[in-house]
Number of protein chains: 2
Amino acid sequence: MQPSKARTRRVTLRDVARAAGVSINTASRALNGKPDVSEATRARVQAVAAQLDYRPNQVARGLRQQKTATLGVVVADLANPFFAEVAEGIERTAATEGYSIILANSEENQHREEQAVRTLVERQVDGILITPTQQSEATVRYLMQRHVPFVLVARYFEGLDVPAVVNDDREGARLGVEHLITQGHREILFLNGPPYNSSAKLRLRGYQDALEAAGIPFRPSLVINTDARSSGGYAAIQQALASGVRFTAVACFSDYVSFGAIRALRQAKLRIPEDVAVIGYDDIDLAAIVEPALTTVHIAKTRLGQVAAHMLLGMIGSSSTDQPQVGLTVLPPQLVIRESS
Amino acid sequence: MQPSKARTRRVTLRDVARAAGVSINTASRALNGKPDVSEATRARVQAVAAQLDYRPNQVARGLRQQKTATLGVVVADLANPFFAEVAEGIERTAATEGYSIILANSEENQHREEQAVRTLVERQVDGILITPTQQSEATVRYLMQRHVPFVLVARYFEGLDVPAVVNDDREGARLGVEHLITQGHREILFLNGPPYNSSAKLRLRGYQDALEAAGIPFRPSLVINTDARSSGGYAAIQQALASGVRFTAVACFSDYVSFGAIRALRQAKLRIPEDVAVIGYDDIDLAAIVEPALTTVHIAKTRLGQVAAHMLLGMIGSSSTDQPQVGLTVLPPQLVIRESS
DNA sequence: TTGTATGCGTTATCAC
DNA sequence: GTGATAACGCATACAA
C-alpha cells in the first residue's frame, strides 16, 4: 500500500475510463449522453463514475467548447436591496438554465465597472448583464466592439440601440404624481436621482407629464437632484425647508430617498401624510413594513432580472451572427397606495 | 481584402507572438513579467499586445495553472440586505486581491446549497465561502472530504472544527437584553430564529445570560421561534398578544423580525417604546432610517465578508497541506441605542 | 535570452 | 460501437 498523499488528486475522466476499461473518449460520450455507445458500456461507465464520485472539470470543458455556461453580472450597488433583488432574479434563472454567474459590484463607479467588464471578458463569460452607472457609454461601446452578448438591466441609453430590460420609468412616475394630484396636491416636490441616470431622466418626464395633464405649470424650483441615497433625501428636504419653497407632497426617486425625506420631515414636526404626502419608487419589501407604510411605485425587481437573463440566454443560444434586433423590453410599473399619501 | 467575418476570432497569445516576431513562449514571459527576457523584446511584445487589445484567456490559464483565481460564494438569501452586505464585503476584497466570485443563492434551501457547492467544485473555484442553511452538515462534510478550502460566514457548526467568521451572537444578544433590563424591563419577549440556526441558538443563550445576571427567571413561554422574516415577527406578536402573555419589551432575532413585530404592535395600538420597547439585531441600514429608529445590535456585515474572504485567501495561499488549524474568528457586536427602546 | 515541446482535462473528428 | 488523436489557449521544463 502506497503512502497516501496529503492531498489526493482529483479524479478525471481518464481515471473513470481506465477503471471502466474503456477509452477516455468512450467514457466522455457515455457520460454526456451522446449516441453511438452501447447501453451496457454506458451503464458501466456511469456506475464507475458514480463510485469514483467523478466531477467533470468545467474549466477544461469551457476551454474546449469555447463556452463556459457562465454569465457575467455587474450591478451598480449590491448593498441596495433593489439591485440585490435584481441579482437574485438573474441568479435564479441562470441556475435553472444551468448557468453560473460571476458577480461584480461597480459601486456606481464607472472605472470599476469598466474594470469588471474587462475581467468578465477575460473569463470568457458567455454573456453579460449590467446595470450601467451611465457616467459614460464606454462600457457599452466596448462590449459592442468586442461582440460580447450583453443586455442592460434597469437602465439604458436612449441614443444607443442595445438590448435592455427596464421598468417604464416615465409611466411609473406619472402614475405616482397623478395619484398625488388626485389627492389634491398641486405643489409637489420631486426628489430625483442623478441627472445622468436614465431612470432619473425618464421619471422627470413622467412627473412633468402628470403635471401637464392636470394643467399645473412645471416649476424647476420644485425638483432637486439627489444621489439617490436616503441621506440624499434627508438633505434635500432640509434644503427645501430652508429655502422656503412651499409643497404639500414629495415624490421621490426611490424608496430609500423617501425614507430619508420622511425622517427629515418628521424632524421638522411635519406629519405624514396629513401635512406632507410622500411617495417612493421601487417598492422594496421594507416599504410595506415601515410606519407609515410607503405609497410607492412597484417594480418587479426579481422579474426584471429574470427577463433580462432570459433575453441574454436567447441571444447566446441563437448562434446566428450579431443580432442587435433584440431591442428594448419595458416592464409595466404599478402604483401601490399605502399610508404615506 | 478579405470579406470580414461576422464574428472576428478573439486574439490569442499566438497572435501576439506572431505579430511581435517572437515565440509564443517569449510572449507569455514578456507579458507576465517573468525574468529572462530582454527589455527590448518585452517592450515590443507589450506594445503589440496593447495594439491588438490582447486579453489573456483566463479559462485556459486556469486549466494550465490548476488555479482559477475564483472564489465560490453561496449565500442563504441574497434578497436579505444582511447577506447582500456580506456578499458585498466578500466581493470587494476578492476584487482587490485579483479574484472573481461565482455567486449562488441557496434561498435557505439545503438541497440548493448542496447543488451549488457541487457546481462550484466542478468549476474549480480556489475556495468557497458559505453561509450555511444548517439544516444538515452535509455540505461541510462534502467540502472537507473533497479537501476544498472553505470558510463559513455568519453561521457555524459548534461540533465541527471548521474555519468560520462569525459575529459573537451570544454576547450581542446579551448586550441587547441587558440594555432592556437596565431600562426596567423584566418581561421580555424573545422572537428568535429557527432552532437549527447557530445564531439563533447562541442568541437564546445570550438572552438567558442577561436574565440570569439580573436574577430574572427564564420563562420558555416568552420565547417564540420565527422564520426570521418580518412576517414571522408580525405573526409572533399576534400570537403573543392573543395568548395573553404579558411583556413590556421584545428582543428580536433580526431587524426584519423587529419591523414585523413593530407593525403588529402598532396595529394593537401599542406605542413604541412607551408601551413596548423593541430591539432588533443586525443593524441593516434601514434600521437607522425608519421611525422610530431601531435600537439594535450592530454587526459589521461588510467586514464579516472581508475578514472571511481574507481568511480563505490565506488558506489558499499557504500551499501547505490541509491546515484545519485556522479555526474560528469572532467579531464583536455593538449595541446601538436609538429610539425604539 | 529565446525557442521547442508537453500537458492541464475535456470534447470532437475521424478512422477502425 | 469504439478508440486513437488533435485541439482549445496558455504556462512551464528543458534544450539551444
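Letters A, B, ... mirror the listed sequences (proteins, then strands); counts begin at 1. Computed over heavy atoms, backbone and side chain alike; hydrogens, waters and symmetry mates excluded.
If you find the closest nucleotide of DNA chain D to Ile24(A) and to Glu39(A), the one lying nearer the 5' end belongs to Glu39(A). Between Gly21(B) and Arg61(A), it is Gly21(B) whose nearest contact on DNA chain C lies nearer the 5' terminus. Comparing Lys34(A) and Ala60(B) by the nucleotide of DNA chain C whose heavy atom lies nearest to each, the residue mapping closer to the 5' end is Ala60(B).
Between dG9(C) and Gln66(B), a contact under 4.0 Å exists linking OP1 or OP2 to a side-chain N or O. For dG9(D), the OP1/OP2 oxygens have no side-chain nitrogen or oxygen of Tyr54(B) closer than 4.0 Å. Phosphate contact (OP1/OP2 of dA11(D), side-chain N/O of Asn32(B), threshold under 4.0 Å): present. A close approach under 4.0 Å does not occur between any side-chain nitrogen or oxygen of Thr41(A) and OP1 or OP2 of dG1(D).
Of all non-hydrogen atoms in Tyr54(B) and Thr12(B), the two that sit nearest each other are CE1-C, 3.5 Å.
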Under the salt bridge (charged side-chain N to carboxylate O under 4.0 Å, His left out) rule, what do Glu113(A) and Arg155(A) come out as? Steps first, then yes or no, please. CA-CA 14 Å; Glu113(A) 173 180 300; Arg155(A) 303 169 177 174; over 6 Å; no
Check the pair Glu122(A), Arg118(A) against salt bridge (charged side-chain N to carboxylate O under 4.0 Å, His left out), reporting the backbone distance first and the verdict last. CA-CA 6 Å; Glu122(A) 287 186 356; Arg118(A) 276 192 296 269; over 6 Å; no
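Protein atom CZ of Arg29(B) is 8 Å distant from nucleotide atom C1' of dT12(D), rounded to whole Å. Nucleotide dA5(C) holds its C1' atom 13 Å from the CZ atom of Arg14(B), rounded to whole Å. Atom-to-atom, CD of Gln65(B) to C1' of dG9(D) comes out at 12 Å; the value is rounded to the nearest Å. Rounding to whole angstrom units, CG of residue Asp15(B) and C1' of dC10(D) are separated by 13 Å. Separating the CG atom of Leu31(B) from the P atom of dT12(D) is a distance of 13 Å, rounded to the nearest angstrom. In this structure, Arg123(A) places its CZ atom 14 Å from P of dC10(D), rounding to the nearest Å. Distance, Leu13(A) CG to dA4(D) P: 14 Å, rounded to whole Å. Distance, Gln58(A) CD to dC8(D) C1': 15 Å, rounded to whole Å.
Arg64(B) comes within contact range of at least one nucleobase, with a heavy-atom separation under 4.0 Å. Contacts of Leu63(A) with the nucleic acid, taken as non-hydrogen atoms under 4.0 Å apart, include base atoms. Using a 4.0 Å heavy-atom distance criterion, Asp36(B) is classed as a base contact. Among the atoms of the strands shown, none is found under 4.0 Å from any heavy atom of Val59(B).
More than 12 heavy-atom neighbours from other residues, nucleotides or ligands sit within 6.0 angstrom of CZ on Arg55(A).
Here the nucleotide nearest the side chain of Thr12(B), chosen from dT12(D), dT2(C), dC10(D), is dC10(D). Considering only side-chain atoms of Asn25(B), the nucleotide from dC10(D), dT11(C), dA13(D) that sits closest is dA13(D). Considering only side-chain atoms of Val37(A), the nucleotide from dT4(C), dC10(D), dT2(D) that sits closest is dT2(D). Comparing dG3(D), dC8(D), dC10(D) by their nearest atom to the side chain of Val22(A) picks out dG3(D). Checked against dG3(D), dC10(D), dG9(C), the side chain of Thr26(A) finds its nearest nucleotide in dG3(D). In this structure, the nucleotide among dG3(D), dT12(D), dT11(C) sitting nearest to the side chain of Ser28(B) is dT12(D).
For the residue pair Thr93(A) and Gln306(A), no side-chain donor N or O sits within less than 3.5 Å of a side-chain acceptor on the partner. Side-chain contact, Ser100(B) with Arg123(A): a donor N or O sits under 3.5 Å from an acceptor N or O.
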